[in-house]
Amino acid sequence: TPRAAPESVLVPWLVVSVLTIFTCSSCCCPPECECIWTDWIDVSYPDSSDRNSGDYETFENIQKNDPSWDCVKVENISCRAEKFPDIPIADLGQKVECNVNTGLTCNNSDQPIGGIIPMPVCLNYEISVCCTPNFPECISTATTTSTTTAPPSSTTSTVSSPPVSTTVPMPTPSES
């Protein structure tokens, strides 16, 4: 059976450039709710003469030390020893807890003799946390996890600062 020659169909394209100028006030613009990393925080120093002491860079201690500190929700945390900032804490030979729920806790009484320092004392640690901004719109998304399934959409809009080129195929009447 002979085949028909392939047909060439031209599809017109529409190219749109959008330049966005942000002129909205804080009342109208949606807030940026991605977490923001703090500088390194160090509010506690281990007392080497007190076996029951340690280093406690906890969120409670940070709040006591700086009442203006406002972190709605800690989404991530980074912990390091002040004198060894490039060595992962797991490689320092100390028992240290670093987590997003409480911060950093190191008890002198938990430390072995030897390791990176000869005495069984906590190193001085510092933390940096990634905090959700304190905006009502962010708080609701930070504390509630939900999944929404939307039907597929045929149009996608993107708005950004630099000019954006969007190429959209124009529909053409179908031929029989």
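Residues: numbered from 1 along the sequence shown. Only this structure's heavy atoms are used, side chains among them; waters, hydrogens and symmetry mates stay out.
- The main-chain N or O of Ser53 is never found under 3.5 Å from a side-chain atom of Asp47 such that the two would form a donor-acceptor pair.
- The backbone N or O of Gly103 lies less than 3.5 Å from no partner atom in the side chain of Thr58, so there is not a single donor-acceptor pair.
- Trp40 and Ile36 fall into different hydrophobic clusters, where Ile, Leu, Val, Met, Phe, Trp and Tyr are joined by side-chain heavy atoms under 4.5 Å apart, directly or via other members.
- Interatomic distance, Leu104 CG to Ile77 CD1, rounded to the nearest 0.5 Å: 7.0 Å.
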* To do: Take Asn124 and Asp42, measure what side-chain contact (heavy atoms from CB on, under 4.5 Å) needs, and give me the verdict at the end.
  => CA-CA 8 Å; Asn124 186 38; Asp42 186 2; 2.7 Å; yes
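- Atoms CD and OG1, from Glu57 and Thr102 in turn, are 11.5 Å apart once rounded to the nearest 0.5 Å.
- Contact between Pro133 and Cys138 at its shortest, heavy atoms only, is O-CB, 3.4 Å.
- Here CD1 of Ile87 is found 12.0 Å from CZ of Arg80. Values are rounded to the nearest 0.5 Å.
- No more than 12 heavy atoms of other residues, nucleotides or ligands sit less than 6.0 Å from atom CG of Asp39.
- The backbone N or O of Asn108 sits less than 3.5 Å from a side-chain atom of Arg51, completing a donor-acceptor pair.
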* Between Ser78 and Trp37, does a side-chain contact (heavy atoms from CB on, under 4.5 Å) hold up when you go through it step by step? -> CA-CA 9 Å; Ser78 183; Trp37 283 97; 4.1 Å; yes
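- Pairing each heavy atom of Ala81 with each of Leu92, the nearest pair is CB-CD1, 3.6 Å.
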* To do: Any chance you could lay out the side-chain contact (heavy atoms from CB on, under 4.5 Å) test for Ile127 and Ile62, step after step, and finish with the verdict?
  => CA-CA 10 Å; Ile127 67 171; Ile62 294 167; 3.7 Å; yes
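- The two residues Pro46 and Val121 have their closest heavy-atom pair at CB-CG1, 4.4 Å.
- Between Ser44 atom OG and Tyr56 atom OH the span is 7.5 Å, to the nearest 0.5 Å.
- Scanning all heavy atoms of the two residues, the minimum distance from Cys122 to Gly54 falls at SG-CA, 4.1 Å.
- Judged purely by atom type and a 3.5 angstrom limit, Asn99 uses its side chain to pair as donor or acceptor with the backbone of Asn101.
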* To do: Carefully, step by step, assess Cys71 and Cys131 under the rule disulfide (SG to SG under 2.5 Å).
  => CA-CA 5 Å; Cys71 186; Cys131 291; 2.0 Å; yes
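- The backbone N or O of Cys106 lies less than 3.5 Å from no partner atom in the side chain of Glu97, so there is not a single donor-acceptor pair.
- Rounding to the nearest 0.5 angstrom, the gap separating the SG atom in Cys33 from the CD atom in Glu75 is 9.5 Å.
- In terms of heavy atoms, Pro112 sits closest to Gly93 at CG-O, 3.7 Å.
- Counting heavy atoms from C-beta outward, Cys98 and Ile89 have side chains that approach closer than 4.5 Å.
- Nearest heavy-atom pair across Val129 and Phe59 is CG1-CE2, 3.7 Å.
- The distance from atom OH of Tyr45 to atom CG of Leu123, rounded to the nearest 0.5 Å, is 9.0 Å.
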